[in-house]
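Ligands are counted one by one from 1 in listed order, and the atoms in each one are counted from 1 as well. Hydrogens, waters and symmetry mates play no part in the numbers below; they use all other heavy atoms, side chains included. All figures in this text were calculated on a predicted structure; none of them were measured in a lab. Positions are given from 1, in the same order as the sequence printed here.
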Amino acid sequence: MTNSNNPETIVLHAGYRTDPATGAVAVPIYQTTSFQFQDTGHASRLFALQELGNIYTRIMNPTQDALEQRIAALDGGVAALAVSSGQAASAMAIQNLAWAGDNVVSSTDLYGGTWNLFSNTLRQQGIEVRFVDPSDPENFRRATDDRTRAYYAETLPNPKLHVFPIKEVADIGRPLGIPLIMDNTAAPILCRPFDHGAAINVYSLTKYIGGHGTSIGGMIVDSGAFDWEAVPERQPALNQPDESYHGAVWTEAVKPLGPIAYIIRARVILLRDLGSAVAPQNAFQFIQGLETLPLRMREHCRNAAAVAEYLGKHGKVTKVIHPGNQSGEERRRADTYLKGGLGGLVGFELGGGKEAGQAFIEALKMFYHVANIGDARSLAIHPASTTHSQLSAEEQLATGVSDGYVRLSIGIEHIDDIIADLDQALAAV
Ligand code: PLP
C-alpha cells in the first residue's frame, strides 16, 4: 500500500500489496465465477451490504477490485467500478441517475460512439440528452431544467482537441445538485477532473490505460465529494427508496461504508441487472498497462508535440489540430487542465479533402490504420469515412470532422521513425 500522491508510485502500489492466500506480488487473475461463503451469516451480511465482499464475479472479483482501487487512487476518488467497455461505463454512469422522462446536458464534443448512444439509444429509453456547445459554460445552465440529472463531457475530445471547462461547468451544477461526469479517456495522468470539481470520471480502459491494444474495458470512478443529498429531489435514484433492493435509500444505506452511494448503486443495481462485467483476465491486462501509464503518457505527449510541429511546417497540411497550436481561452483551458503534457492526439487537414485524407491513410507503412486511440503503437484514421460516417454532414462539422481531416494517435516509437512514416505518406498524397 502507499500514501503517495505521485502517479508513478500509485500505479504500482495502490490497492494491493500481496495476495493474502499465496503472497503473490503480481495481482492474481481470480478466474472464478463464485466465492464460497464462510457461513450462512456471512452470506446474508454480504447480500444485505452490511459487509462488503465477494459473491459472484458479475458483481465483484478480487482482480477487478485491485484495478478499481488503483484507478480510484490515481484519480483522487474513493471507489470505482470496472465494466466490460468504455461504452458500458458511459451508459451506466448516466443510467445510474437518469430514468425515462429525465434529461442530461452534454457537450457536443464527444466520441462518435457516445454521440450515438446519447442521441439514439438513450433517447429510445426515454432519457433525453441535450447537446450544448462547451465553449460557453453557461450553455449548460441554459439547457438545465427540473429533470436534469447530470452534466457530461470529455476532457480532451477528439477531433477538435478543445479541453473542456471542467471547473466552470462543475461550479454551475453543484448548487443545483447536478454532478459533472467527465470522460477522461484521452487524458489519464494529465488531468485529474476531481481536482477541478467533477463528481464522476469514466474511462475507456481500452485506450491509454490498457495501452497495448489487447482488451476492451471501462471504468466509472466516484470522487466521493459530491453531495447527493444537497438537493434531494434532483437525484431520486439515490434519495428515494429503491424497490429492487428492499426499499434501500442509497445515500442512507451506505453511510457506514463511506461516501459511495453512487458507485454502490451502479454496482449492485446496474451491474447486477445489465451484466456488463469485465473479465478477470482483462482486468489483469489493465493492471499491467496501468503500471507503465505515467511513463507512456510522457512519451505520447512528447512525440505528439513533435509531430504537431513537423506537420505545421509541411506544405500540404492546411491546418494542425493540437492543444499546443491553440490560443486564447482554448489555450488557457489546455494549460489549466492538462499537466505534464498536452496529450497524444494530433489532427490535421489536407487541402485535397476526402480523397487526399484516404490516400494518406493508404500510404502509411508503420502507422496502423485502426479505429482506436491510445495504443503504444502509432495509429491513424480518416474519421469522415469511418468513425464519424454514421453522423449527418452537419453533425460531422459540429463535432469538428471535415472531409480532409486525419486523426493521429501518436505512439511511443522513436520520433524519427514516426516522422519518417508521416513524411513518406504525405509525399504520396
Ligand atoms: N470514450 C472515448 C473518449 C473513446 O475514445 C471511446 C472509444 O473509442 C469510448 C469512450 C468507448 O470505449 P470502448 O471502445 O472501450 O467501449
Side-chain angles (χ1 to χ4, degrees), residues 64 67 71 75 80-95 104 106-122 129 134 152-164 166 181-191 193 198 200-221 271 274-279 282-283 285-286 289-290 297 300 304 323 337-338 343-347 368-375 377 379-383 386-391 399-401 407-410:
Q64 297 160 359
L67 174 66
I71 292 186
D75 274 3
L81 178 65
V83 292
S84 58
S85 68
Q87 283 297 105
S90 303
M92 286 170 59
I94 287 177
Q95 289 167 323
V104 168
S106 169
S107 166
T108 45
D109 294 357
L110 292 177
Y111 162 60
T114 309
W115 182 280
N116 278 325
L117 167 71
F118 285 4
S119 51
N120 298 303
T121 301
L122 287 185
V129 180
Y152 189 99
E154 292 180 18
T155 308
L156 178 61
N158 77 81
K160 284 186 195 161
L161 302 181
H162 290 169
V163 173
F164 185 76
I166 303 173
I181 303 171
M182 289 302 305
D183 180 340
N184 200 39
T185 297
I189 307 286
L190 309 177
C191 181
I200 304 295
N201 289 341
V202 297
Y203 287 97
S204 166
L205 301 175
T206 317
K207 318 295 175 192
Y208 290 101
I209 292 176
H212 299 80
T214 63
S215 311
I216 303 279
M219 185 70 79
I220 307 174
V221 193
L271 198 54
L274 301 177
S276 329
V278 67
N282 284 6
Q285 298 289 350
F286 296 126
L290 199 56
M297 289 312 289
H300 283 296
Y337 294 116
L338 301 181
L345 303 175
V346 183
Y368 283 87
H369 176 205
V370 294
N372 194 17
I373 59 168
D375 197 290
R377 303 158 190 82
L379 316 174
I381 200 158
H382 178 244
T386 57
T387 50
H388 287 62
S389 59
Q390 283 145 36
L391 275 53
T399 57
V401 172
R407 183 186 77 197
L408 304 176
S409 173
I410 302 300

*Is the shortest heavy-atom distance from the side chain of V202 to the side chain of M219 under 4.5 Å?*
no
*Within the distance-only criterion (no hydrogens, no angle test), does the side chain of H162 pair as donor or acceptor with the backbone N or O of L156 below 3.5 angstrom?*
no
*Assess whether side-chain hydrogen bond (donor to acceptor under 3.5 Å, both in side chains) is satisfied between Y111 and D183, documenting all intermediate values.*
CA-CA 10 Å; Y111 162 60; D183 180 340; over 6 Å; no
*Kindly indicate whether the side chain of V346, heavy atoms from C-beta on, has any atom under 4.5 Å from the side chain of R407.*
no
*Answer yes if the side chains of N201 and D75 hold a donor-acceptor pair under 3.5 Å, and no otherwise.*
yes
*Should D375 and Y208 count as side-chain neighbours, where that means a heavy-atom distance under 4.5 Å?*
no
Could you go through ligand 1 and list every pair where one of its N or O atoms sits under 3.5 Å from a protein N or O, giving the atom names and the distance to one decimal?
unit_1	atom_1	unit_2	atom_2	d
ligand 1	1 (N)	D183	OD2	2.7
ligand 1	8 (O)	K207	NZ	2.7
ligand 1	12 (O)	S204	OG	3.1
ligand 1	15 (O)	G86	N	2.9
ligand 1	15 (O)	S204	OG	2.8
ligand 1	15 (O)	T206	OG1	2.6
ligand 1	16 (O)	G86	N	3.1
ligand 1	16 (O)	Q87	N	2.9

